Amino acid sequence: MARGWETMKITLITVGKLKERYLEAAVQEYSKRLRRYCDLEICQVADEKTPDGAGRAMEEQILEKEGGRILEKIRPHSYVIALAIQGEMPSSEALAAKLEKLGVDGISQIVLVIGGSLGLSKAVLSRADYLLSFSKLTFPHQLMRVILLEQLYRSFKIIRHEPYHK
């Protein structure tokens, strides 16, 4: 079991602000729980408005603008995990093992990225060291914050062999 997780810095970069109080409450709850295990920072970058009927070219421009804001927040030596539907779909145990291995390998800065309603730009996907998917289903990007934080919390409980409801 890896030690020194308290020195692990995890930054969650998200596009847009949470609009629903119940989602904000859930994010705050998991952030509080995660303080025992890591130094968590949540960084929100501005989203771009997507006009109704926007074509692919406009969507690409929006993705590039949002992607530029995301990339500005990533330090050069950070290990970047981007949430992408085409990413790997590990079990909770496999995700915990991956995080534990990163810690054992001396990775002290992990950045997790959740895109906006259109996803992530090619530049952000290229910068990522690992693409993570939770499902082939599409979830609202705001809800993904809660799901991701819960899975991080679950991972740390698994790593520490602490009980957690299933």
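In what follows, residues are counted from 1 in the order of the sequence shown. Everything quoted here is computed from the prediction, not taken from an experiment.
- The same ILVMFWY cluster, assembled from side-chain heavy atoms under 4.5 Å apart, contains both Leu152 and Leu18.
- Each salt bridge (Lys or Arg N to Asp or Glu O under 4.0 Å) pair with one or both residues in residues 121-147, not counting sequence neighbours, appears once here: Arg127-Asp129.
- Here Ile74 contributes atom CD1 and Tyr79 contributes atom OH; the two are 13.0 Å apart, rounded to the nearest 0.5 Å.
- For the pair Ser133 (side chain) and Ser135 (backbone), a donor-acceptor distance under 3.5 Å is present.
- Ile13 and Leu34 fall into different hydrophobic clusters, where Ile, Leu, Val, Met, Phe, Trp and Tyr are joined by side-chain heavy atoms under 4.5 Å apart, directly or via other members.
- With contacts defined as side-chain heavy-atom distances shorter than 4.5 Å, the pair Val27/Ile42 qualifies.
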Side chain to side chain contact (heavy atoms under 4.5 Å, CB included) between Glu24 and Lys17, worked out: CA-CA 9 Å; Glu24 183 61 40; Lys17 293 183 178 182; over 6 Å; no

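- Nearest approach of Ser155 to Ser92, heavy atoms of both residues: OG-O, 4.2 Å.
- In this structure the side chain of His77 never reaches within 4.5 angstrom of the side chain of Gln109, judged on heavy atoms.
- Atom OG of Ser31 and atom CG of Leu149 lie 5.0 Å apart (nearest 0.5 Å).
- Annotation: cation-pi geometry satisfied between Arg33 and Tyr153 (NZ/CZ under 6.0 angstrom from ring centroid, within 45° of ring axis).
- A distance of 5.0 Å separates CD1 in Ile159 from CD in Glu100, rounded to the nearest 0.5 Å.
- In this structure, the side chains of Leu131 and Leu125 come closer than 4.5 Å at one or more pairs of heavy atoms.
- Among all heavy-atom pairs drawn from Met144 and Leu83, the shortest one is CE-CD2, 3.6 Å.
- Within the model, atoms CD1 of Ile62 and CG of Asp47 stand 9.5 Å from one another, a figure rounded to the nearest 0.5 Å.
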Hey, mind stepping through Tyr30 and Gln151 against side-chain hydrogen bond (donor to acceptor under 3.5 Å, both in side chains) and telling me if it holds? CA-CA 10 Å; Tyr30 282 110; Gln151 284 299 305; over 6 Å; no

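- Residues Leu137 and Ile85 fall into different hydrophobic clusters, defined by Ile, Leu, Val, Met, Phe, Trp and Tyr side chains chained together at heavy-atom separations under 4.5 Å.
- Counting only heavy atoms from C-beta outward, the side chains of Tyr37 and Met8 never approach each other to under 4.5 Å.
- For Glu20, there are no side chain to side chain donor-acceptor pair (under 3.5 Å) partners at least two apart in sequence or on another chain.
- Minimum interatomic distance between Gly16 and Gln44 (heavy atoms only, all atoms of both residues): O-OE1, 3.2 Å.
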Would you please test Met89 and Phe134 for side chain to side chain contact (heavy atoms under 4.5 Å, CB included) and show each step? CA-CA 6 Å; Met89 283 189 275; Phe134 286 107; over 6 Å; no

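- Under 4.0 Å is where a charged nitrogen must lie from a carboxylate oxygen, and between Lys73 and Glu41 no such pair does.
- To the nearest 0.5 angstrom, Ile147 atom CD1 is 5.0 Å from Phe139 atom CZ.
- Taking the charged nitrogens against the carboxylate oxygens, Lys32 and Glu29 do have a contact shorter than 4.0 Å, which makes a salt bridge.
- The two residues Val124 and Val113 make their nearest non-hydrogen contact at CG1-CG1, 4.1 Å.
- The side-chain heavy atoms of Lys98 and Pro90, taken from C-beta on, include no pair separated by under 4.5 Å.
- A continuous path of hydrophobic side-chain contacts links Leu102 to Phe156 [ILVMFWY only; heavy atoms under 4.5 Å].
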Go through it in stages, so that I can follow the logic: the residues are Ile81 and Ile110, the test is side chain to side chain contact (heavy atoms under 4.5 Å, CB included), and I'd like the CA-CA distance, side-chain angles, deciding distance and then a yes or no. CA-CA 7 Å; Ile81 299 174; Ile110 296 175; 3.9 Å; yes

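- Residue pairs meeting the side-chain hydrogen bond (donor to acceptor under 3.5 Å, both in side chains) criterion with at least one partner in residues 56-66, sequence neighbours excluded, are Arg56-Glu59, Arg56-Glu60.
- Inter-residue side-chain proximity for Cys43 and Leu12 is flagged as unmet; no heavy-atom pair is nearer than 4.5 Å.
- A continuous path of ILVMFWY side-chain contacts below 4.5 Å connects Leu112 to Tyr130, so both sit in one hydrophobic cluster.
- Atom SG of Cys38 sits about 4.0 Å away from atom CD1 of Ile10, to the nearest 0.5 Å.
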Run the side chain to side chain contact (heavy atoms under 4.5 Å, CB included) test on Val15 and Ile114 for me, step by step, so that the C-alpha distance in whole Å, both residues' side-chain angles and the decisive distance to 0.1 Å come before the verdict. CA-CA 7 Å; Val15 174; Ile114 300 174; over 6 Å; no

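- You'll find the side chain of Glu93 stays beyond 4.5 Å of the side chain of Arg154, heavy atoms only.
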